Amino acid sequence: MPALSRIPLETVEDAGGGCLRLVCAPASLVAPMPGQFYMVRGPWEADPLLPRPFSVARFRTVKNEQVQLEFLLRIIGRGTRLLGTARAGIELDILGPLGVGFEQPPGDSAWMVAGGIGIAPFPALTDAIAAPERSLSLLIGARTHTEIPGFKDFEANLSGGVEVATDDGSAGFAGTVVDLLASRLDRASDQPPSQVYVCGPHAMMEAAAAVCRDAGVPCSVSLEAPMGCGMGTCRGCVIRTFRNTNFTICTDGPVTDANVIWSDQNSP
Ligand SMILES: Cc1cc2nc3c(=O)[nH]c(=O)nc-3n(C[C@H](O)[C@H](O)[C@H](O)COP(=O)(O)OP(=O)(O)OC[C@H]3O[C@@H](n4cnc5c(N)ncnc54)[C@H](O)[C@@H]3O)c2cc1C
Ligand code: FES
C-alpha cells in the first residue's frame, strides 16, 4: 500500500524552459523506481480538491536512510499554477510511489526521447541505468528553444550525447523530436539502441512508437492522463488498447511497452 506523507518543500527553482524544480525535504519513504509517480497536493483550500500526478524526476537516499524526492513541473492549469507559486517551507501531501516504472535496458545503449516536460522522469532513469559500458542519449524536443527544459544536471551521464529538436528550427534539429528520432535511427541502422524510452504528449508517443516498431527497436512509453486517485479506483485514467482491452494508466502503467497500447495492422 503506498504511503501518504506530509513533506516540507525544501527548494523551488527555475529548471529552464518554463519549468520548475521542486525539491522536498528528506523524509522516511520507500525509494521509488524511476518512472513511478506521486499524487501531490499543496496546502490549499478545496479547489482543486484532487491531488495531481507527477513523475519522480530524481531521488536520493540521504543520511538515516531518508529519501529526498525531486519533481519537475510545467504549469498547465490551476493545480500546477498553485504548486508553481509554492515556496520553501510549505508542506505537500504526497502519496506514492505509484504505478509501474521503467526497466533496465536489455543492452549497452539506450535512448531517451522527451517531448517538453516529458523529460521529467529521465534524470532518475539516467541515474538508475548509467553504467561505464553503456551509452545513454537524450533526444529532447519542444515547439521553440525557450521551451526546452534544462538537462545540464544529468548531462554528465549521457555519454551518447544530447540532441535538441525544435518545431520552429530555433535550436538544433528543425522538426519534431519524432522526426529527429526517425532520422537518428536511420543513421544508426547498423547499431540501433537496445531500448528507446519515450515520455511526452500522447500523440508524440504514439508516433515515436510507430517509428521504433518500423526500426525493430523496443520502445517503452510513460503514458499520461488526467488522474483522480492514482490507485486504480476512480477509473478516470483508463484508455483502450488496440486489442480493445482496458489499460488503467495509474496501475498497469504509466510505463509500458508501446506494443501493449498500439500495434501495426498486421498484429494478430
Ligand atoms: C503519471 C503522470 C506523471 C506526470 N508527471 C508530470 C511531471 O513530472 N511534471 C509535470 O509538469 N506534469 C506531469 N504530469 C502532468 C500533470 O499531472 C498535469 O499537468 C496536471 O495534473 C495538470 O493539473 P492542473 O490542475 O494544473 O490542470 P487542470 O486544470 O487539471 O487541467 C488543465 C488542462 O490540461 C488537461 N490535462 C490535465 N492533466 C493532463 C494529463 N495528465 N494529460 C493530458 N492532459 C491533461 C486537462 O484536461 C485540461 O484541459 C504527469 C501526469 C501523469 C498522469
Ligand atoms: S487515476 Fe483513478 S483509476 Fe487511475
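These figures come from a predicted structure and were not determined experimentally. When a ligand or atom number is given, it counts from 1 through the structure's own listing order.
By the 4.5 Å heavy-atom criterion applied to side chains, Val255 and Val221 are not counted as neighbours. A heavy-atom distance below 4.5 Å is not found between the side chains of Phe37 and Ser222.
Considering backbone and side-chain N/O atoms, Ala120 never comes within less than 3.5 Å of an N/O atom of ligand 1.
At the shortest separation from atom 1 (S) of ligand 2 among protein heavy atoms lies Gly230 N, 3.2 Å.
For the residue pair Glu10 and Gln68, a side-chain donor N or O sits within less than 3.5 Å of a side-chain acceptor on the partner. Side chains of Arg235 and Thr248: a donor on one and an acceptor on the other come within 3.5 Å. Between the side chains of Thr176 and Asp179, at least one donor N or O lies within less than 3.5 Å of an accepting N or O. No hydrogens or angles considered: nothing links the side chains of Arg21 and Thr11 as a donor-acceptor pair under 3.5 Å. A donor-acceptor contact closer than 3.5 angstrom is absent between the side chains of Ser109 and Ser194. No side-chain donor from either of Asn157 and Thr126 sits under 3.5 Å from a side-chain acceptor of the other.
Closest heavy-atom approach to atom 24 (P) of ligand 1 within the set Arg74, Arg52, Gln36: this belongs to Arg52. Considering only non-hydrogen atoms, atom 37 (C) of ligand 1 lies nearest to Pro226 out of Gly35, Pro226, Pro121.
Applying the 4.0 Å criterion to heavy atoms of Leu73 picks out, from ligand 1, the atoms 11 (O). Remark: ligand 1 atoms within the under-4.0 Å shell around heavy atoms of Gly77 are 24 (P), 26 (O), 27 (O), 29 (O). Each of the following atoms of ligand 1 lies closer than 4.0 Å to a heavy atom of Met227: 53 (C). Counting atoms of ligand 2 from 1 in the listed order, those under 4.0 Å from a heavy atom of Cys250 are 1 (S), 3 (S), 4 (Fe).
Under 4.0 Å from ligand 1, the heavy atoms of Ile117 that appear belong solely to its side chain. With a heavy-atom cut-off of 4.0 Å, Ile249 does not touch ligand 2 at all. Counting heavy atoms under 4.0 Å from ligand 1, residue Ser55 touches it through both backbone and side chain. Counting heavy atoms closer than 4.0 Å to ligand 1, residue Leu72 contributes backbone atoms (N, CA, C, O) but none from C-beta onward.
For atom 32 (C) of ligand 1, a protein non-hydrogen atom is found at a distance below 4.0 Å. Within 4.0 Å of atom 18 (C) of ligand 1, not a single protein heavy atom is present. By the definition of a contact as any protein heavy atom under 4.0 Å away, atom 48 (C) of ligand 1 is not in contact. Within 4.0 Å of atom 21 (O) of ligand 1, at least one protein heavy atom is present. By the definition of a contact as any protein heavy atom under 4.0 Å away, atom 15 (C) of ligand 1 is in contact.
Residue side and main chain included, Cys229 places no N/O/S atom under 2.8 Å of atom 4 (Fe) of ligand 2. Distance check for Cys234 against atom 2 (Fe) of ligand 2: an N/O/S atom falls below 2.8 Å.
At least one heavy atom of Phe54 sits closer than 4.0 Å to an atom of ligand 1.
Taking the centre of each ring, Phe71 and Tyr38 come in below the 6.0 Å mark.
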